[in-house]
Number of protein chains: 2
Amino acid sequence: MRDDRLDLAHALSLVLRAALAAEEPVLQAHDLQMWDYVVLNALERGAAPTQSELAAAVRRDKTRLLPILDRLEARGLLRRTVDPGDRRNRVVQLTDAGRDLLGACKRGIRAGERSVLAPLDPDAAAALIEALDRVARPLRTTVGPSA
Amino acid sequence: MRDDRLDLAHALSLVLRAALAAEEPVLQAHDLQMWDYVVLNALERGAAPTQSELAAAVRRDKTRLLPILDRLEARGLLRRTVDPGDRRNRVVQLTDAGRDLLGACKRGIRAGERSVLAPLDPDAAAALIEALDRVARPLRTTVGPSA
DNA sequence: TATTGTTATACTCTATAACTATA
DNA sequence: TATAGTTATAGAGTATAACAATA
């Protein structure tokens with residue numbers, strides 16, 4: 001192992017910056033902010049039973065989540081419905097339009113990821129992505145009844 | 001390649017958060033803030049000819065860099081000296097104490113990195129670190145005359 | 001009384017503008 | 001006049017506190 005390598009966190013932050021920069025034009029093309037995309041992603045695998053839970057899942061203060069939800073709801077990308085079982089709760093779920101837009105963004109973003117990993121040959125890039133995914137997946141906080 | 005994997009940026013951000021959390025106790029033990037450590041790191045390979053250049057290298061506004069430099073200078077970890085060639089410039093360089101402290105932090109941080117990559121076996125972890133380093137290194141903005 | 005969602009307020013962090021000195 | 005460093009001010013982003021509805 002090289003001893004003059006960058007700290008793990010340092011390397012991660014540099015690559016993350018590049019990855020975010022690569023995402024931006026794709027999101028912009030769909031008129032989405034980064035946090036919009038994060039929220040849509042969090043809802044992909046199931047509705048959020050409460051807005052608080054959704055806020056926790058995306059690690060964002062619940063007060064800051066409101067304008068995002070308002071924006072996405074106004075565009076018809078998600079729906080907020082009162083939970084009949086407990087009328088204090090608002091269930092948040094993707095609409096079909098939201099799911100479609102999310103899919104389009106994902107495809108565009110994945111295409112752009114190749115350029116970020118350009119210094120690696122394709123096999124090494126795939127291995128990096130897979131290893132990262134293995135480490136990252138357990139760190140994710142999910143949302144929804146089955147989670 | 002799995003199709004249900006996380007976006008690259010998503011995975012990176014999750015792992016980065018974990019890596020930063022792992023760094024914190026080490027830095028705290030040495031009474032350093034994250035940005036202190038970043039600045040010391042930037043100076044490791046050579047003095048910064050000006051504070052502005054150092055600010056650019058660590059991607060921080062020059063006005064926000066001042067309190068950091070004040071703090072580190074007060075602790076004797078770095079030195080600011082007036083450039084005789086152009087008395088407007090202040091050359092910033094590590095002291096021996098600064099270099100020693102940086103080294104101690106680095107060793108502690110690298111030891112903690114293993115826990116972040118615990119889901120991977122040692123070979124895969126080493127491969128991940130090396131691949132990340134390869135991608136990240138060209139993205140770094142360096143400081144100093146030879147850069 | 002406790003909790004969800006919401007609104008209003010305060011706080012922190014960051015960048016911009018203004019000042020001093022050197023060139 | 002232009003630039004480095006510094007100081008003071010304003011702006012964006014974030015979290016805390018207060019409120020209304022429901023349980």
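The CG atom of L65(B) sits 14 Å away from the P atom of dA4(D) (whole-angstrom rounding). Whole-Å rounding puts the Q33(B) CD to dT12(C) C1' distance at 13 Å. Distance CG (D61(B)) to C1' (dA17(C)): 12 Å, rounded to an integer number of Å.
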Validation: residues 117-127 of chain A side-chain donor-acceptor distances under 3.5 Å, sequence neighbours left out:
| residue | atom | partner | partner atom | Å |
| --- | --- | --- | --- | --- |
| D121(A) | OD1 | D123(A) | N | 3.2 |
| D121(A) | OD1 | A124(A) | N | 3.0 |

What side-chain donor-acceptor pairs closer than 3.5 Å can you find for residues 6-19 of chain A, not counting sequence neighbours?
| residue | atom | partner | partner atom | Å |
| --- | --- | --- | --- | --- |
| D7(A) | OD2 | Y37(B) | OH | 2.4 |
| S13(A) | OG | H10(A) | O | 3.0 |

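Out of dT14(C), dT22(C), dT16(C), the shortest distance to the side chain of R87(B) is found at dT22(C).
Mapping G85(A) and V92(B) onto DNA chain D by nearest heavy atom places V92(B) at the nucleotide closer to the 5' end.
Sorted by first then second residue, the salt bridge (Lys or Arg N to Asp or Glu O under 4.0 Å) pairs that include residues 93-106 of chain A, not counting sequence neighbours, are E44(A)-K106(A). For residues 20-32 of chain A, no pair satisfies salt bridge (Lys or Arg N to Asp or Glu O under 4.0 Å), with sequence neighbours left out. Sorted by first and then second residue, the salt bridge (Lys or Arg N to Asp or Glu O under 4.0 Å) pairs involving residues 71-81 of chain A (not counting sequence neighbours) are D36(A)-R71(A), D70(A)-R80(A), E73(A)-R80(A).
Note on E113(B) versus R5(A): salt bridge recorded, some NZ/NE/NH1/NH2 to OD/OE distance being below 4.0 Å.
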Query raised in the report: What string of B, S and - do you get for nucleotides 1-10 of chain C 5' to 3' if you count protein non-hydrogen atoms under 4.0 Å?
Result: -BBSBBB---
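Under 4.0 angstrom from either OP1 or OP2 of dG13(D) there lies no side-chain N or O belonging to R64(A).
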